[in-house]
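Hydrogens, waters and symmetry mates are skipped; everything else that's a heavy atom, side chains included, is used. Quick note on labels: first sequence line is chain A, next is B, and so on, each numbered from 1.
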Number of protein chains: 2
Amino acid sequence: MRLVIARCRVDYRGRLTAHLPSATRLILLKADGSVSIHADDRAYKPLNWMSPPCTIEEAPGVWRVCNPAGEQLVIELEEILHDSRHELGTDPGLTKDGVEAHLQELLADNPHALEDGLRLLQREYPTAIGPVDLLCRDAMGRTVAVEVKRVAELDGVEQLSRYLELLNRDPLLAPVRGILAARQFRPQARVLALDRGITCVAVDYEALRGLDDPSSRLF
Amino acid sequence: MRLVIARCRVDYRGRLTAHLPSATRLILLKADGSVSIHADDRAYKPLNWMSPPCTIEEAPGVWRVCNPAGEQLVIELEEILHDSRHELGTDPGLTKDGVEAHLQELLADNPHALEDGLRLLQREYPTAIGPVDLLCRDAMGRTVAVEVKRVAELDGVEQLSRYLELLNRDPLLAPVRGILAARQFRPQARVLALDRGITCVAVDYEALRGLDDPSSRLF
DNA sequence: AGCTGAATGTCGAGG
DNA sequence: CCTCGACGTTCAGCT
């Protein structure tokens with residue numbers, strides 16, 4: 001990793017055109033070949049960047065970064081204030097917990113948390129337009145399609161609606177109703193779901209993780 | 001801006017839970033108060049970060065970054081290899097030249113590029129659920145709603161479908177058919193559009209820009 | 001390699 | 001403040 005603090009001007013020509021006038025910035029060159037230009041704000045987002053694979057051509061005062069698609073990032077260096085290199089090695093990487101995949105897993109193990117008497121038929125039940133997260137049967141023996149989201153938005157309702165339309169064409173499953181399960185609901189999604197006869201169930205992730213039997217885990 | 005290269009472990013507890021085992025990384029502290037942890041890969045994206053507003057509590061060997069929502073980023077510093085500060089000043093910012101809004105503009109000027117005899121009635125035609133990109137009339141005098149996308153995906157078809165349903169309730173406009181115009185089509189979007197009786201038209205941006213009369217431009 | 005859906009998306013406009 | 005849609009989205013997972 002190379003860290004350069006420099007007064008510079010930057011031009012990007014690619015999917016769009018962008019220009020940065022002269023100012024002092026951080027130029028971050030990573031071992032993966034990426035280049036990013038940071039100001040002292042905008043949180044972690046750089047002003048401009050080039051993702052790998054790309055080649056860097058270093059002429060005195062001008063760095064030209066090109067990628068195979070023909071996009072170009074041209075950095076004109078007016079004054080270099082700092083320049084250091086550091087060996088970081090490969091990173092062991094990030095372990096995440098609490099995303100949609102994990103939520104789906106917990107609900108597959110505890111469908112009754114969505115509704116009393118709900119039993120899992122199949123997880124990732126395949127259809128022509130994609131897999132249904134959870135296919136279940138309720139206490140009355142009726143088929144239920146469950147779509148799991150971290151945050152339920154309009155898209156999620158549309159998606160579940162498409163699944164329901166398709167599943168209801170299958171005489172072995174019909175009639176099928178829908179449950180949209182999420183940690184958080186956008187009001188518009190709630191309204192549209194109601195209009196479509198889809199049940200919204202707010203999921204408490206922490207409580208659900210508590211429900212999951214710890215003794216059944218090996219770690 | 002403060003640049004720290006250090007061997008560290010990181011824990012995040014917030015919207016989800018994440019952990020980074022011990023490794024050497026860049027810790028980037030910006031003047032806006034943000035903190036981001038970078039490995040030597042993943043292009044410009046940090047492994048973990050905290051956006052402002054947040055407070056940094058520096059104890060020896062442990063930095064605790066907290067935001068008002070109660071999210072926490074805990075950095076355990078095992079060895080500091082580099083630590084430097086730099087005055088950058090405020091950045092004049094980025095000037096962009098968009099490609100996307102342009103597409104709608106070009107099609108508004110050249111509706112015949114979508115279909116022979118197509119004429120523009122109104123751009124951004126307002127409806128209760130949002131503006132229709134282009135409202136047109138075809139060679140047969142029939143109303144046509146055009147949705148413009150850079151890349152047409154499923155939600156673009158859904159969006160146009162909702163518009164069509166609404167527009168067809170207006171006796172002055174009905175019957176209204178739909179055209180989905182895009183530079184690129186996802187296969188599923190094409191299938192769903194066909195099923196809904198929506199016409200897909202692939203748009204060649206470069207050619208369209210060529211169509212646009214250069215003499216009518218001042219630059 | 002191409003396509004699809006998720007994301008601590010981020011970002012900006014509009015109510 | 002929240003909601004919604006676009007993005008040079010990026011990214012991982014799967015066909």
Phosphate contact (D/dT9 OP1 or OP2) by A/W49 side-chain N/O below 4.0 Å: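 No, no such contact exists.
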
Side-chain N or O of B/R186 closer than 4.0 Å to phosphate OP1/OP2 of C/dG5: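 Checking B/R186 against C/dG5: no side-chain N or O falls below 4.0 Å of OP1 or OP2.
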
Listed once per pair and sorted, the ring-ring contact (aromatic ring centres under 6.0 Å, His included) pairs that draw on residues 39-58 of chain B, sequence neighbours left out: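 Matches after skipping sequence neighbours: A/Y44-B/W49, A/W49-B/Y44.
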
Salt bridge B/E58-B/R2, side-chain N to carboxylate O under 4.0 Å: yes

Salt-bridge criterion met for A/R162 and A/E147 (N-O under 4.0 Å): no

side-chain contact (heavy atoms from CB on, under 4.5 Å) partners for A/A189, two or more places apart: A/V157, A/R186

For A/D41, side-chain contact (heavy atoms from CB on, under 4.5 Å) partners two or more places apart: A/A39, B/D32

Identified stems (criterion: three or more consecutive Watson-Crick or G-U pairs, under 3.5 Å), DNA chain C: C:1-7 with D:9-15, C:9-15 with D:1-7

Minimum-distance nucleotide to B/P187 side chain [options: C/dT10, C/dC3, C/dA7]: C/dC3

Could I get the full list of ring-ring contact (aromatic ring centres under 6.0 Å, His included) partners for [X], not counting sequence neighbours?
X: B/H19; result: none
X: A/Y205; result: A/H102
X: A/H112; result: none

With B/Y125, the side chain to side chain contact (heavy atoms under 4.5 Å, CB included) member among B/V146, B/L134, B/D133, B/L167: B/L167

I need the [atom1]-[atom2] distance between [X] and [N], as an integer number of Å.
X: A/Y163; N: C/dT4; atom1: OH; atom2: P; result: 12 Å
X: B/N67; N: C/dT10; atom1: CG; atom2: C1'; result: 16 Å
X: B/Q159; N: D/dC4; atom1: CD; atom2: P; result: 13 Å
X: B/E158; N: D/dA6; atom1: CD; atom2: P; result: 14 Å
X: B/L154; N: D/dA6; atom1: CG; atom2: P; result: 14 Å
X: B/R150; N: D/dG5; atom1: CZ; atom2: P; result: 17 Å
X: B/E71; N: C/dA7; atom1: CD; atom2: C1'; result: 14 Å
X: A/H38; N: C/dT10; atom1: NE2; atom2: C1'; result: 14 Å

Atom pairs and distances, donor-acceptor, side-chain atoms in residues 69-76 of chain B, under 3.5 Å, two or more places apart:
{"unit_1": "B/E71", "atom_1": "OE1", "unit_2": "B/Y12", "atom_2": "OH", "d": "2.6"}
{"unit_1": "B/Q72", "atom_1": "OE1", "unit_2": "B/R64", "atom_2": "NH1", "d": "3.4"}
{"unit_1": "B/E76", "atom_1": "OE1", "unit_2": "B/R9", "atom_2": "NH2", "d": "3.0"}

Atom pairs under 3.5 Å, N or O on each side, protein against nucleotides 11-15 of chain C: can you list them with distances?
none

Nearest-nucleotide 5' precedence on DNA chain C, B/S51 against A/E147: A/E147

B/A189 or B/R15, whichever maps to the more 5' nucleotide of DNA chain C: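 It is B/A189, whose closest nucleotide lies nearer the 5' terminus.
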
Most 5' of A/F185 and B/D155 on DNA chain D, judged by nearest nucleotide: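 With A/F185 and B/D155 compared, the 5'-side residue is A/F185.
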
Sugar-phosphate only, base, or nothing, as touched by A/Y12 at under 4.0 Å among non-hydrogen atoms: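 Base: the residue A/Y12, judged by heavy atoms under 4.0 Å, touches a nucleobase.
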
